[in-house]
Amino acid sequence: SYPSVVSTPEYQHNVMSDAIEKARKAAELQARIQTQLLNKPGLLSGLKPGEKPQLPSKPTPLILDEEGRTVDSAGRTIQLTLRTPTLKANIRAQQRASFKQITQGAGPREESEEAGSFFDSRVAAAPTQRARKLFRFNEPGKFIKQGQMLRAKAQLDQLQSSIASVARKTGISSATKLALIAPSSEGKEEDIPLVEWWDAAILPSRSYSDFHRNVEVDLKYKNVTNLVEHPVPFEPPSEPRTLPAIPVMLTKQERKKLRKQRRREVEKEKQEKIQFGLVEKPEPKVRISNLMRVLGSEAVQDPTKVEAHVRAQMAERQRKHEAANAARKLTPEERKAKNLKKIKEDVSCGIHVIVFRVRDLRHPAIKFKVDMNAQQLHLTGCVMLYQDINLVVVEGGPKCLKKFKRLMMQRIKWNPEKKKRRGDDDSDSDSEAPRQKKRNSCSVVWEGMNQTRCFNDWRIKLFPTEALAREHLKHYGVEHYWDLALSQSIVEEEEA
């Protein structure tokens, strides 16, 4: 027996609502289809609006015309749908056939493309297939020739080294290197004018070729006068525009006399103001030493009170004195500005420049001293590190450069003596003597003045090659500093 289904009002209501919802959706779908068919009457050929399509009872006959094209019963051409292959083998066969057809028709296509306006013959077409790798055999004697070239190069290097050693002994190499460094003094042809400006007014064709040509005297010498043209004088850039006032040097007696006169005038002016009532009369200046003489009977009557009053006056005078000193005292900002003004000198008359050359500047302590002193003195320039030509270029005022020059030439010990350890023997020092390196030194390459600064800040840079070092100075327009230092180093090496 099957279990009986309990029919409740709620269950019946749900079943009825589901049926109604399904019927409503089916009606909406049918109405939508009818609307689309009405909007597109040609969608189903041969059907009128509102007429239902009928399925064909027999297959459509195939009708061909005289040319073999498919036509309908009215004689119109029909394009039949081609069946697309779905198997992989059929697809690959179709691709091979189309590729063969393209390759066979490449000739006439290229001709048509060349005839077109958008064909570019410079663009090479990509190959249809990858080129096959072939064997590449070395020609007989290839490696023998390479070995001969290497041996010839080694012999040439050996010959060049022997020639360089002989030239170094005779001094020819240093002269050759100096000749390569020295700039050519020959002027450029375009810098030489064809006619000087003072002759251009006299020569009609502005050329010296017609100097002896017969020209009228008035026309030839009309611009010649009895006046002499003098060059415009320039103020020397290294001298100040106005002469500074020379201070008068006084002796000790003269300074004391001037001080007395000045204090007497101040006191006289103060007395006059008191007489006219402009200023109140100050209290008598009482001290412990003149207490009895100034106060007299008041000091005898109550000496304790008078002494306290006098000490209060003394403390007030001390406080006023300290307050005046504190008011005159400079603030930290003002003191810093005053010290900076002392260091930063007036360089309107010219910039002093010194170029140093140091053999070895790799020691961190020495490098730190050079860097920090240059920054504290507010100098501009650079430190260039390259092998045994280390260049230090500094720019600034005369006082700061004097201090920096003393640092480089006197204060820094370029060859500090190493302290001996307890376990070291004299034999070790004797064995290390022949292997001693070159002594470090510092020399002034050039010292003078420039009209303006060439460097804007202070930097330390390391250069791997000589060309990069010279290019760095060329950027600031002072590449001749490097040429001068390099020539001096070459001369020192030859002398050593």
Side-chain angles (χ1 to χ4, degrees), residues 235-352 372-380 396-404 406-407 453 458:
E235 295 290 339
S238 60
E239 295 182 5
R241 303 295 181 187
T242 57
L243 295 176
I246 302 175
V248 181
M249 302 300 295
L250 302 175
T251 60
K252 186 176 181 180
Q253 289 78 11
E254 290 173 341
R255 291 197 297 271
K256 290 176 69 176
K257 185 177 180 180
L258 287 175
R259 182 173 179 271
K260 287 179 181 179
Q261 291 177 357
R262 186 172 62 254
R263 290 170 67 88
R264 191 183 300 117
E265 290 176 359
V266 172
E267 187 64 25
K268 185 178 179 181
E269 184 180 359
K270 184 178 178 181
Q271 292 294 336
E272 289 176 355
K273 288 181 179 180
I274 292 173
Q275 289 177 4
F276 289 113
L278 300 176
V279 181
E280 295 182 359
K281 185 178 180 180
E283 296 181 1
K285 191 175 181 179
V286 186
R287 297 188 297 272
I288 298 297
S289 58
N290 63 354
L291 176 64
M292 299 300 296
R293 187 173 63 253
V294 174
L295 298 178
S297 59
E298 296 180 5
V300 175
Q301 292 176 1
D302 195 351
T304 306
K305 182 179 178 181
V306 172
E307 183 181 358
H309 178 68
V310 171
R311 291 191 181 279
Q313 278 190 356
M314 292 171 60
E316 182 66 19
R317 289 198 298 270
Q318 182 70 19
R319 187 189 64 78
K320 287 183 179 181
H321 175 72
E322 292 177 354
N325 287 347
R328 288 193 301 270
K329 187 178 180 181
L330 297 177
T331 60
E333 292 79 10
E334 293 175 344
R335 189 183 299 108
K336 185 178 180 181
K338 182 180 178 182
N339 295 334
L340 190 61
K341 186 179 178 181
K342 286 183 179 179
I343 295 174
K344 287 187 174 181
E345 307 171 44
D346 184 15
V347 291
S348 59
C349 298
I351 305 295
H352 291 253
M372 290 307 298
N373 277 271
Q375 293 182 21
Q376 290 171 0
L377 295 174
H378 295 275
L379 301 176
T380 59
K399 292 182 181 179
C400 296
L401 283 192
K402 184 179 179 182
K403 294 180 180 179
F404 193 82
R406 184 173 176 273
L407 168 77
R453 291 182 184 268
W458 173 260

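Start at 1 with the first residue, then count along the sequence.
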>> If the test is side chain to side chain contact (heavy atoms under 4.5 Å, CB included), which one of I351, L379, L377 qualifies with L401?
In response: L379
>> Distance check, rounded to the nearest 0.5 Å: E269 atom CD versus R264 atom CZ?
In response: 15.0 Å
>> Tell me if the CZ atom of R453 is crowded by more than 12 foreign heavy atoms within 6.0 Å.
In response: yes
> Is a salt bridge present between K336 and E333, judged by a nitrogen-to-oxygen distance below 4.0 Å?
Replying inline: no
> How about E280: does its CD atom have over 12 heavy atoms from other parts shown lying under 6.0 Å from it?
Replying inline: no
> Going from NZ on K399 to NZ on K403, what distance comes out if it is rounded to the nearest 0.5 angstrom?
Replying inline: 8.5 Å
> Would Q318 and E322 count as a side-chain hydrogen bond (donor to acceptor under 3.5 Å, both in side chains) if you check the C-alpha gap in whole Å, the side-chain angles of each, and the deciding distance to 0.1 Å?
Replying inline: CA-CA 6 Å; Q318 182 70 19; E322 292 177 354; 3.2 Å; yes
>> Looking at every non-hydrogen atom in both residues, tell me the closest pair between R335 and L330 and how far apart they are.
In response: NH2-O, 3.2 Å
> To the nearest 0.5 Å, how far apart are NZ in K270 and NZ in K281?
Replying inline: 11.5 Å
>> Side chains of V310 and M314, heavy atoms from C-beta outward: is any pair under 4.5 Å?
In response: yes
> Any ion pair linking R263 and E267 (charged N to carboxylate O, less than 4.0 Å)?
Replying inline: no
>> Could you check whether any side-chain heavy atom of L340 comes within less than 4.5 Å of a side-chain heavy atom of H378, counting everything from C-beta outward?
In response: yes
> Just wondering, do K285 and N290 contact through their side chains at under 4.5 Å, heavy atoms?
Replying inline: no
> Looking at Q313, H321, R319, K320, which one forms a side chain to side chain contact (heavy atoms under 4.5 Å, CB included) with R317?
Replying inline: Q313
> How about E272 and K268: do any of their side-chain heavy atoms sit closer than 4.5 Å?
Replying inline: yes
> Measuring from N325:CG to K329:NZ, what's the distance to the nearest 0.5 Å?
Replying inline: 10.0 Å
> To the nearest 0.5 Å, how far apart are CD in E316 and CD in E283?
Replying inline: 10.0 Å
>> If I take atom CD from residue Q253 and atom NZ from residue K256, how far apart are they, to the nearest 0.5 angstrom?
In response: 7.0 Å
> Between Q261 and E265, does any side-chain donor sit less than 3.5 Å from a side-chain acceptor?
Replying inline: no
